[in-house]
Amino acid sequence: MKQQLENLYKQTIATIEKAASIDELEQIRVKVLGRKGELTQILRSLGTLPQEERIETGKLSNELKDSIEEALEKRKIQLTQQHINKLIMEDWLDVTLTKPGLLQEYQRGHLHPISQIQYEIEDIFTSMGFEILDGPEVETDYYNFEALNIPPYHPARDMQDTFWTEDGNLLRTHTSAIQIRGMERLTPPFRVIGPGRVFRYESIDASHENTFYQVEGMMIDKDISVAHLIYFMKTLLKEIFKRNITIRLRPGYFPFVEPGFELDIQCLICGGKGCSVCKYSGWLELLPCGLVQPNVLRYGKIDPDKWSGFAFGLGLNRLVMMRYAINDIRHFLSGDIRFLYQF
Ligand code: FA5
């Protein structure tokens, strides 16, 4: 029986080493170690042997069984590794490959038109001594509303329909939230701009998105007046459009400025005749602004008896639309590469 066991062992090890798949290994395991397997049968017949031989053969059988199991496991690991290597070789992905048509048409990527104009605006304002600030997109009620003189239940909250989070915070509805964070951090006099993405729960049309971009601006100094505000707004528009454009300034209500204005630009899509972008009015709201309300200065820990300032909130998407005569705001987030490659 000892000889029979050793033969079975040698034969099994040889077939394990030659096995070419995990399935084959499993067949070998069942054939030798399964319930009706060859080694199992031998182990079952041990009872017929005389006691001394039984103990010795039993010990040997168990050792050979352990060794076969070990060989099966080792080969299984080898085969799995080979399989993985084969998959890697066959299914590898060349991330540098481009669809042939695309490669010829669109040789290189570039910045999104909104980012391009944002960086231009940053350059214009930094050259006039402004610092660039950032703020979080998920804001607290305090920074987005309360510290901007919009207390709970104030009707002005309806002007900006809000996406609320379950824990009572919100997606900022305007970059004005950055103003308060800036005032808390800086000591007057200062000039800052805060570009960023904002969100509003509103219906989308040719000139309204629920996700769009603004640039906030604020200057705090001694004796700031509407004349300073108009000077900076005119400089900005002259630099951006590099041509004569028609603007109008009219009173506008925002609880965080007093007086407040709406700076509208004559629609460059239709030349003021009226179209879907300007809602057939010939004008587009672009740049609301005003002198900072004293309460807001107090929220920002600035003494309104010593300091005054102006603030503005520029709609970046609409500015890009006017500059390039884009007739629908929905193109920006459409992900359509044919649109993006025009800039
Ligand atoms: C505000 O968001 C104020 N925080 C701006 C401000 C700042 C006023 C500082 C005074 C002082 P308004 O809701 O009007 O204001 O938005 C500002 C600009 O963002 C608009 O003129 C417009 O250009 C753009 N805008 C507003 N809503 C949308 C929208 N749904 N889609 C695209 N652009 C929008």
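Just follow the structure's listing: the first ligand is 1, and inside any ligand the first atom is 1. Because the structure is a prediction, the values reported are computed rather than measured.
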Strictly under 4.0 Å, does any heavy atom of [X] approach an atom of ligand 1?
| X | answer |
| --- | --- |
| Val257 | yes |
| Gly217 | no |
| Gly260 | no |

Working to the nearest 0.5 Å, report the span between [atom1] of [X] and [atom2] of [Y].
| X | Y | atom1 | atom2 | result |
| --- | --- | --- | --- | --- |
| Glu131 | Thr126 | CD | OG1 | 11.0 Å |
| Thr57 | Asn62 | OG1 | CG | 11.0 Å |
| Ser176 | Asn149 | OG | CG | 12.0 Å |

What residue and heavy atom of the protein are closest to [atom], and at what distance?
| atom | result |
| --- | --- |
| atom 32 (C) of ligand 1 | Ile329 CD1, 3.4 Å |
| atom 15 (O) of ligand 1 | Phe254 CE2, 3.4 Å |
| atom 24 (C) of ligand 1 | Gly315 CA, 3.7 Å |
| atom 28 (C) of ligand 1 | Phe212 CZ, 3.3 Å |
| atom 9 (C) of ligand 1 | Glu216 OE2, 3.3 Å |
| atom 14 (O) of ligand 1 | Pro288 CG, 3.6 Å |
| atom 17 (C) of ligand 1 | Gln214 NE2, 3.3 Å |
| atom 22 (C) of ligand 1 | Arg318 NH1, 3.4 Å |

- Hey, does Val138 have a side-chain heavy atom less than 4.5 Å from the side chain of Leu171? yes

- Query: Glu262 versus Phe254: any side-chain heavy-atom pair under 4.5 Å?
  - Reply: yes

- For Leu87, enumerate each residue passing the side-chain contact (heavy atoms from CB on, under 4.5 Å) test, keeping only those at least two apart in sequence or located in another chain. His83, Asp91

- Report the member of Arg200, Glu285, Glu209 with the shortest heavy-atom distance to atom 12 (P) of ligand 1. Arg200

- Query: Should you measure from each heavy atom of Gln179, which atoms of ligand 1 turn up under 4.0 Å away?
  - Reply: 9 (C)

- For Ser207, the ligand 1 atoms with a heavy-atom partner under 4.0 Å come out as 31 (N), 32 (C)

- Task: Kindly work out whether a path of hydrophobic side-chain contacts (I/L/V/M/F/W/Y, heavy atoms less than 4.5 Å apart) joins Val215 to Leu263.
- Result: yes

- Query: Can the positive tip of Arg172 be found less than 6.0 Å from the middle of the six-membered ring of Tyr143, inside 45° of the ring normal?
  - Reply: no

- Message: Run the salt bridge (Lys or Arg N to Asp or Glu O under 4.0 Å) test against Arg330 and tell me which residues pass, sequence neighbours left out.
- Response: Asp328

